[in-house]
Amino acid sequence: HNMSGKLNAAEKLKEAREFAEGRTEAEFLLVRKQGDSPEVGKLQLGHLVQQEIAKTVSDALTEQINNLRDGRTRARPLDVANTISEESVIQCVRIENLPDSELFEILNSRDNDGTTTYSEDPEPNFQLIRISEPDGKVLIGVQNYSNAKLVDTTNELTLWYQNEEYERFQGDLLVIRPNLNAICYDGWVFIITPKSFESMFDMREEYRKRAEEAIEAFEDVGITFADRETTTGWMLSHINMLRGMYEIYDNDIHEEATPDKIEAMIQKYNLDTRFSLDYARRDGQIELGVDEYQHTWKLIKLLAAKYAEDDIMGEQWEIDSGQRL
């Protein structure tokens with residue numbers, strides 16, 4: 001997380017916009033997540049279309065820059081807590097800090113892939129606009145597939161205006177909307193819509209893997225779970241809970257926690273009486289359990305050290321939700 005301090009998001013995006021407006025090549029790539037490795041293919045584009053596509057990226061950058069400048073959007077380091085938060089956030093992360101998967105590698109690669117079309121099977125999972133120049137820099141706009149619409153006009157009467165009269169238009173019409181879900185430039189990824197980004201890049205799998213590692217790390221230091229299968233099943237059941245578990249992993253909380261610290265927290269914030277959070281101490285271990293699925297959040301918040309007391313009113317708070325206990 002300490003990388004984010006050095007980043008001025010608006011400045012970096014301005015640099016990206018200048019790059020998009022320079023003399024550069026714009027390509028439109030379709031990504032199909034096939035088996036283990038993604039298949040990336042390139043649409044054949046005319047020169048004028050390339051310029052329009054570069055303009056789409058540059059306009060999207062302008063919108064983000066203005067939002068940051070006017071305070072409508074805040075730049076934050078990538079953190080699962082942001083996905084759940086209400087405020088408008090653009091999340092920033094170094095590419096090298098993203099999961100080490102082939103899907104993320106395509107954000108850095110400059111391979112000239114084979115050509116493809118929208119009508120090929122299967123449908124693309126998402127699409128990339130890649131603007132690059134021969135000497136190295138690459139700017140990528142990430143778009144989910146629903147931003148494109150392929151209209152087959154064979155059975156409909158579609159007209160276009162040419163030479164001052166309407167003529168029959170035949171063939172496929174491709175409509176591409178201008179919204180970007182993420183922007184990638186100079187080693188940084190700026191995530192505008194975290195949920196669609198997560199699904200495009202299979203983050204759920206990554207969260208799950210890390211959540212399981214965090215659970216094992218807790219167990220290694222003697223923080224165990226009653227009715228283990230059910231409880232850990234609940235903790236891994238929902239994308240929001242997985243985000244919470246990933247956050248624990250990401251902040252190394254599982255490396256600092258001990259049974260004593262957990263017990264002290266339960267007692268300080270009366271978590272056992274406030275919520276159906278049970279615990280038992282045995283041989284230096286602590287066993288945690290919840291009676292009902294909906295209290296799983298309280299267990300995750302306990303493991304994430306999400307409770308605090310303020311020094312002015314002496315009131316107790318749940319950190320994420322900002323609710324008094």
Nearest 0.5 Å please: distance from the [atom1] atom of [X] over to the [atom2] atom of [Y].
X	Y	atom1	atom2	result
Ile300	Glu247	CD1	CD	10.5 Å
Glu213	Lys209	CD	NZ	7.5 Å
Leu302	Glu263	CG	CD	11.0 Å
Thr154	Gln170	OG1	CD	8.5 Å
Lys195	Ile239	NZ	CD1	9.0 Å
Gln91	Arg76	CD	CZ	9.5 Å

Would you please test Val189 and Phe197 for side-chain contact (heavy atoms from CB on, under 4.5 Å) and show each step?
CA-CA 11 Å; Val189 183; Phe197 185 82; 4.1 Å; yes
Closest approach of [X] to [Y] (non-hydrogen atoms, all atoms of both residues):
X	Y	result
Tyr307	Lys301	OH-CB, 3.7 Å
Ala182	Ile191	CB-CA, 4.2 Å
Ile131	Ala54	CD1-CA, 3.8 Å
Pro122	Gln34	CD-OE1, 3.7 Å
Pro178	Gln143	C-NE2, 4.1 Å
Gly41	Thr116	C-CG2, 3.3 Å

Validation: residues 9-20 side-chain donor-acceptor distances under 3.5 Å, sequence neighbours left out:
unit_1: Lys12; atom_1: NZ; unit_2: Asp186; atom_2: OD2; d: 2.7
unit_1: Arg17; atom_1: NH1; unit_2: Thr62; atom_2: OG1; d: 3.0

Cluster overlap [X] with [Y], hydrophobic side-chain contacts below 4.5 Å:
X	Y	value
Ile129	Leu150	yes
Trp160	Leu173	yes
Tyr293	Met245	yes

Can you find a heavy atom in the side chain of [X] that is under 4.5 Å from one in the side chain of [Y]?
X	Y	answer
Ile106	Leu29	no
Phe275	Val290	no
Ile176	Thr56	no
Ile215	Leu236	yes
Glu219	Arg228	yes
Tyr145	Met200	no
Leu288	Leu277	no
Tyr279	Ile262	no

Let me see the working for Phe225 and Leu299 under side-chain contact (heavy atoms from CB on, under 4.5 Å), right down to the final yes or no.
CA-CA 10 Å; Phe225 303 98; Leu299 175 57; 4.3 Å; yes
Within the distance-only criterion (no hydrogens, no angle test), does the side chain of [X] pair as donor or acceptor with the backbone N or O of [Y] below 3.5 angstrom?
X	Y	result
Asp310	Ile312	yes
Arg274	Tyr269	yes
Asn270	Thr273	no
Arg281	Gln285	yes
Gln50	Glu27	no
Thr231	Asp227	yes
Asn147	Asn179	yes

Using a strict threshold of under 4.0 Å (side-chain N to carboxylate O), is an ion pair present between Arg32 and Asp121?
no
Evaluation steps, side-chain contact (heavy atoms from CB on, under 4.5 Å), between Leu61 and Phe190
CA-CA 10 Å; Leu61 285 162; Phe190 299 90; over 6 Å; no
Decide whether Gln44 and Thr115 meet the rule of one side-chain donor and one side-chain acceptor closer than 3.5 Å.
no
Donor-acceptor side-chain pairing of Ser146 and Asn144 below 3.5 angstrom:
yes
Under the side-chain contact (heavy atoms from CB on, under 4.5 Å) criterion, do Leu43 and Val49 qualify, and how do the steps go?
CA-CA 11 Å; Leu43 295 186; Val49 179; over 6 Å; no
Can you tell me if CG on Asp220 sees more than 12 non-hydrogen neighbours from other groups inside 6.0 Å?
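Yes, enclosed.
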Relative to each other, are the rings of His254 and Phe218 parallel, tilted or perpendicular (30° and 60° limits)?
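Taking Phe218 first and then His254, their aromatic rings stand perpendicular (interplane angle over 60°).
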Return the set of residues passing salt bridge (Lys or Arg N to Asp or Glu O under 4.0 Å) with Arg69 (not counting sequence neighbours), or none when no residue passes.
none
Flag the pair Tyr161 / Tyr166 as yes when their ring centroid distance falls below 6.0 Å, and as no otherwise.
yes
Name the one of Glu206, Glu212, Glu205 that satisfies salt bridge (Lys or Arg N to Asp or Glu O under 4.0 Å) with Arg208?
Glu212
